[in-house]
Amino acid sequence: MDDRLKELERRTRFDPAEVEPGIAERWLESGLFHPAPEGEAAENYSIAIPPPNVTGSLHMGHALNGSIQDVLVRYRRMTGRRTKWILGTDHAGIATQAQVEKALRAEGTSRQELGREEFVRRVWEWREHYGHTIVAQLKRLGASCDYSEERFTLDDGYHRAVVAVFVALYEQGLVYRDRYIVNWDPGTHSAISDLEVEEREETDTLYSIRYDLLAGDGAAGHGQAAPGGVTIATVRPETLLADTAVAVNPRDERYTDLVGRTAILPLVGRHLPVIADDYVKTDFGTGQLKVTPAHDPNDFEIGRRHELDQVSVIGEDGRMTSEAGERFAGLTVQDARQAVVQALREEGRIVAEEPYRHSVPYSHRSGRRIEPLISLQWFMRMDELAAPAIQAVRDGAVRIVPDNHRRVYLDWMQNIRPWCLSRQLWWGHRLPVYYCDRCGETLVAEQPPERCVSCHGELRQDEDVLDTWFSSALWPFATLGWPAQTPELAAFYPTDVLSTARDILFLWVARMIMMGLRFTGRVPFGEVYIHSVIQAPDGRRMSKSLGTGIDPVEEIERHGADAVRFGLLAMSSSQDVRYSAEKVQQGQALANKLFNATRFALLRIASLPGVDLAALAPAPRPRTVADRWILSRLQQVLADTAARIESYDFSHAALGLYDFVYAELCDWYLEIVKPRLASDAEPDLDLAATLLHLLRQTVALAHPIIPFVTEELWSYLGGDGLLAGAAWPRADVSLIDMDAEVALERVVEAVTAIRGWRDSVGARPGLIVPARLRADGYDGTQGMLARLARMDLATDGAGPEPVAIVAVPCGVLEILSDDGLDLAAAEQRRQAARGKLQAEIARVEGKLANGRFLERAPAEVVASEREKLARLHDEMEAL
RNA sequence: GGGCACGUAGCUCAGUGGGAGAGCGCUCGCUUCACACGCGAGAGGUCGCUGGUUCGAAACCAGCCGUGCCCACCA
């Protein structure tokens, strides 16, 4: 026995922490993860990783998606495809800037103090320091990304792609600048897109407020209030200061005579035209609406329709502006609300107050309440881009799995709205937009122009940066060198699949499809796989702030990367799932089981007299029915696993593997062949070759799911090179043997029945019980039955009368001695079994006595029920 | 307001038209010469409720109850 085997003999457990890092290192050094950019995308296999935030660390979502993508990538690599998993990180504008600003505050400084250039330099420094954490964690997970070509959404090449796209879209008229109402986030001090807003249900007070009408429409008695007036309802009285109209529905007969008159804004005295607009609901409140174009998205639209003035009373700092009047200027929105209510109350204008439940917009980024404001921003018109992206999903050029997300995608795309692209941040792709202050010219260009083309004046670059998702939208092709037509682009674009959770379906996936089609003329990926969201074990969101997060890295340290991968894959499904520590445990157990099964087989084979393990060629050389059975089962699990991986059914792939290794390979096959491996027996070279073959195929089959332990075992099983680069074992239909499967199923059932009986009569585990088998279909399996059930089977049919009978498939086992058995104890159990059987017989008999059943059920179902009844009667007989 | 899921053993989940399953937990028994992160045997379920379709429903349909998520501009 060589030294490695001796060392293996001492390792009674698989210790992940001991071997996993070393194996990861060997993979990286092998170059297997870095394919040459050759061939065409159609024959190659590629996945672009959803780029994690550069400041982030691995969370459960990353761990699950990393496991999923790695299964796909490792499987394809083993099937011989040239496979590339494109890796990189996202600069994550707001998130990263916020982190660095926080650090600066801790240092007692701020980005304003440092200035833009220095601040950006500091962020790059930060990225250098902390930006590699998550990549290192992906390596630890075993993710077989192409680490030699890590991209970053802000590196030079990527920036060129972003600028080229922005300029092109501007020239095509899709990107434009507008003073428009945006979702202003006072927390990040920036506009954010609709998708970054989350609505929260809150209870506020709904105030009904009376506005006077100008007497005689301002003709006579100028400034005098007319009787009656209008009553509006609002939850935001502070915005009243910015009202510029009152609106009613044109079909609202109560108010037709009001239209065209003038209301007087309380506290301010501004004259407000009463206008008619379809937006106003006649059945809500009084049917009279205050119109505040500068602070409400709906009112903004009404304002545009009616060319109303825009008065802004809330500033970007979330405080009231001077436009709000001396009395309120400088107050926070909250304080202003109280102050306005107080003032209105003093004037007796509040006619009703009631609690009101409604949804309030909050920033997904900062958690602050969104302040709708009018602001000069860059936008992108989406309808023209959406049309082909809708078509691509409709006609299947992009297939969304599971397909219930398809409609969600289509619905959203069909109602798509302009995208606010600009962000008032410093960290990101600065807009390639240059203004001439002298003549007002706006230039949009890839290269910064020297001077204004019109007047040769000085140019000033726009201060804003692009929404991070704008650069992310280019990910599948910008990472491969686009706009240059690189070999990488030819070899790996379009990618094959995009795997992600559904929360970024619109934010990212839809935009990639639109941009991919627009700029490469092709879909960026053929399939989108939407995976589960892993919730905390109690069903809540996993989040740091709730304290419900579970750190996958800690789990890896505790249980091994294989265990975590297996667990996450086994948990995953087409819907959200709770984190299951048991599944991880199951994965750890599987790794250990496989390790020990291999260890056992190798050590036994090596100790067979005259056998040279190194010279033994693995091959299926079945000699017994059990050999034929396990080889047949192996083919089935090979085919199943391949099919399940290809159809994104990872939980069944993982659990099917577990079942094969545990139940069939270890519990039955290895137990059955143990005597044939006894070192004092004549060496069974066929068995040795078969076992080696079996283990090598099993380990290869399991590799995409649990790569570390299988790689480790591969080195003992004499595989050439690394398993990560080995061939996937294809199922061989010629090895499928239904006769052997039937025979073994029968033994398994019989042994299980006999063990149960033994337990019920209190037979000591070591006790060999004399018995006689009177049953069909046990040719070639009697020996294993006797040994596994601890029976001494009589060979002749005659002999003593049985003292007890045990039912087995297709017959009975007669027990010939009651030594060491408490037969009476079995009685209760037998009664229970009889009761169960009786009920079942009654059920089947009832069925067969039902004329309608006989008449309408398919003939084969009736026949099988008849057979079943006969079998049940036999079993009853035996009992 | 609209949409998508889900409700099966104590827990987490499979099962999509013909005798209710797994892992964990629980009970009992085992140092059986790979693994005690092990082996063997068990207990435990009116498959949310009510109707319907069907010879037959955990599965298909409808309604209800409960839970989760997404989308949405009624002040």
Side-chain angles (χ1 to χ4, degrees), chain A residues 9 12-14 199 206 232-236 239 247 279-281 283-292 296-301 356 358-359 361 372 402 404-405 407-408 411-412 415 502-503 505-506 533 535 537 539-541 559 563 570-571 573-583 585-586 588-604 651-652 655 658-659 662 666-667 670-671 674 678-679 751-752 755-760 762-766 788 790 829 836 839-840 843-844 847 850-858 860-862 864-865 868 872:
Chain A
E9 192 169 22
T12 59
R13 277 191 213 167
F14 176 66
E199 302 284 335
L206 182 66
I232 57 86
T234 183
V235 289
R236 302 202 58 194
T239 65
Y279 170 76
V280 185
K281 302 282 183 291
D283 56 356
F284 188 91
T286 58
Q288 299 170 331
L289 175 73
K290 74 192 262 299
V291 183
T292 319
D296 182 282
N298 300 308
D299 294 6
F300 180 84
E301 294 298 338
Y356 183 67
H358 66 143
S359 55
N404 53 319
H405 295 286
R407 234 186 70 197
V408 179
D411 285 349
W412 186 78
N415 298 306
R502 70 179 128 56
D503 55 347
L505 184 61
F506 308 141
V533 172
Q535 301 169 333
R540 288 189 294 169
R541 270 186 84 81
H559 304 286
M571 274 173 237
S573 91
S574 57
Q575 64 202 58
D576 293 354
V577 291
R578 297 178 184 204
Y579 185 77
S580 161
E582 291 81 8
K583 287 279 192 296
Q585 207 80 48
Q586 203 178 342
Q588 190 177 356
L590 174 64
N592 187 56
K593 195 73 174 172
L594 206 49
F595 180 83
N596 270 294
T598 305
R599 170 171 164 267
F600 165 69
L602 285 180
L603 290 169
R604 279 305 182 83
S651 67
H652 288 103
L655 294 170
Y658 177 93
D659 285 343
Y662 257 79
C666 293
D667 288 351
L670 288 183
E671 292 303 324
K674 268 180 182 174
S679 51
V751 169
T752 305
R755 282 172 176 168
W757 173 83
R758 289 181 60 110
D759 210 51
S760 71
R764 304 295 303 167
L788 296 173
R790 304 242 166 186
R829 183 186 157 102
K836 227 176 188 172
E840 194 51 32
R843 205 186 61 82
V844 178
K847 226 176 190 180
N850 182 345
R852 310 241 290 173
F853 172 71
L854 298 176
E855 201 177 305
R856 305 210 184 175
E860 63 268 23
V861 171
V862 177
S864 85
E865 290 294 315
K868 189 191 292 173
L872 291 171

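Naming: A, B, ... by sequence-line order, numbering from 1 per chain.
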Between A:R13 and B:C35, is there a side-chain N or O to OP1/OP2 distance below 4.0 Å?
no
Just how far, in rounded Å, is P of B:U54 from CZ of A:R852?
8 Å
What does A:Y662 touch in the nucleic acid at a heavy-atom separation under 4.0 angstrom: a base, only the sugar-phosphate, or nothing?
sugar-phosphate
Pairing nucleotide - B:G1, Watson-Crick or G-U, each distance under 3.5 Å:
B:C71
For the pair made of CD in A:E671 and C1' in B:C35, what is the distance, rounded to whole Å?
11 Å
According to side-chain hydrogen bond (donor to acceptor under 3.5 Å, both in side chains), who are the partners of A:T292, at least two apart in sequence or on a separate chain?
A:D243, A:K290
Please report, rounded to the nearest Å, how far the P atom of B:C73 is from the CZ atom of A:R236.
16 Å
So do A:T12 and A:R599 actually touch side chain to side chain, heavy atoms under 4.5 Å?
yes
Can you classify the ring geometry of A:F284 versus A:Y356 as parallel (below 30°), tilted (30 to 60°) or perpendicular (above 60°)?
perpendicular
When you compare B:G18 with B:C30, how far apart are their P atoms, in angstrom units rounded to a whole number?
42 Å
When we call it a touch if two heavy atoms are under 4.0 Å apart, what does A:R502 touch: a base, just sugar-phosphate, or nothing?
sugar-phosphate
With both distances under 3.5 Å as the test, what is the Watson-Crick or G-U wobble partner of B:C39?
B:G29
Distance between C1' atoms of B:C47 and B:G21 (Å, rounded)
12 Å
Using the C1' atom on both, measure B:A57 against B:G68 and round to a whole Å.
26 Å
With both distances under 3.5 Å as the test, what is the Watson-Crick or G-U wobble partner of B:G7?
B:C65
Scan A:V844 against the nucleic acid and name what it touches under 4.0 Å (heavy atoms): base, sugar-phosphate only, or nothing.
nothing
Kindly point out which of B:A5, B:A41, B:A75 is positioned nearest to the side chain of A:T752?
B:A41
Report the distance from atom CG of A:L594 to atom P of B:G38, rounded to the nearest whole Å.
14 Å
Listed nucleotide nearest any side-chain atom of A:F600, set B:G3, B:A75, B:A34
B:A34
Tell me: CG of A:N404 to P of B:C4, nearest whole Å?
9 Å
Paired nucleotide for B:U46 [Watson-Crick or G-U wobble; both distances under 3.5 Å]
none
For A:V533 against A:D576, the heavy-atom pair lying closest together:
N-OD1, 3.2 Å
A:D296 and A:T239, any side-chain heavy atoms less than 4.5 Å apart:
no
Looking at side-chain heavy atoms only, is the closest gap between A:L289 and A:K281 below 4.5 Å?
no
Counting only side-chain N and O atoms of A:R604, is one of them less than 4.0 Å from OP1 or OP2 of B:A34?
yes
Rounded interatomic separation in angstrom, taking CG from A:L590 and P from B:G23
13 Å
Between B:G45 and B:A14, how many Å separate the two C1' atoms, rounded to a whole number?
15 Å
Base, sugar-phosphate or nothing for A:K674? Non-hydrogen atoms, less than 4.0 Å.
base
Between A:R755 and A:E199, which residue's closest nucleotide on RNA chain B lies nearer the 5′ terminus?
A:R755
Suppose you measure atom C1' in B:G56 against the same atom in B:U16; what distance do you get, rounded to whole Å?
15 Å
Least distance between heavy atoms, A:R236 atom then A:P372 atom
NH1-CD, 4.0 Å
Testing B:C35, B:C39, B:C74 for proximity to the side chain of A:F284, the answer is B:C74
Watson-Crick/G-U partner (both atom distances under 3.5 Å) of B:U16
none
Can you give one letter per nucleotide of nucleotides 10-20 of chain B, 5' to 3': B if a protein heavy atom sits under 4.0 Å from the base, S if only from the sugar-phosphate, - if neither?
--SSSS--BB-
Taking atom P in both B:A58 and B:U8, what distance in whole Å separates the two?
15 Å
Cation-aromatic face contact A:K593/A:Y658, 6.0 Å, 45 degrees
no
On RNA chain B, nearest-nucleotide positions of A:K290 versus A:N596: which is more 5'?
A:N596
How far, in whole Å, is B:C35 from B:G44 if one measures between their P atoms?
34 Å
Atom-pair distance (CD on A:Q585; P on B:C24), nearest Å
9 Å
SB check A:E865 A:K868 (cutoff 4.0 Å)
yes
Which of the following nucleotides, B:G23, B:G40, B:A34, is nearest to the side chain of A:Q586?
B:G23
Which one, B:A5, B:C69, B:C35, comes nearest to the side chain of A:R599?
B:C35
Under a 4.5 Å cut-off applied to non-hydrogen side-chain atoms, are A:D759 and A:R755 in contact?
no
Kindly indicate, with the supporting measurements, whether the criterion side chain to side chain contact (heavy atoms under 4.5 Å, CB included) is fulfilled by A:V861 and A:K847.
CA-CA 11 Å; A:V861 171; A:K847 226 176 190 180; 5.8 Å; no
Closest contact, heavy atoms only, A:Q585 versus A:H559
OE1-CE1, 4.0 Å
Under 3.5 Å on both distances, the Watson-Crick or G-U partner of B:C60
B:G52
Just to be sure I understand the rule, does A:D659 reach a base, reach only the sugar-phosphate, or reach nothing, if contact means heavy atoms closer than 4.0 Å?
nothing
What's the gap between B:G7 and B:U50 when it is taken at their C1' atoms, as a whole Å value?
16 Å
Please state whether the phosphate of B:A75, meaning OP1 or OP2, lies under 4.0 angstrom from any side-chain nitrogen or oxygen of A:Y279.
no
Might you list the N or O atoms of the protein lying below 3.5 Å from N or O atoms in nucleotides 25-30 of chain B, with each pair's distance?
residue	atom	partner	partner atom	Å
B:C30	OP1	A:R764	NH2	3.3

Is the shortest side-chain heavy-atom distance between A:Q586 and A:Y662 below 4.5 Å?
no
In whole angstrom, what separates A:W412's CH2 from B:G2's P?
23 Å
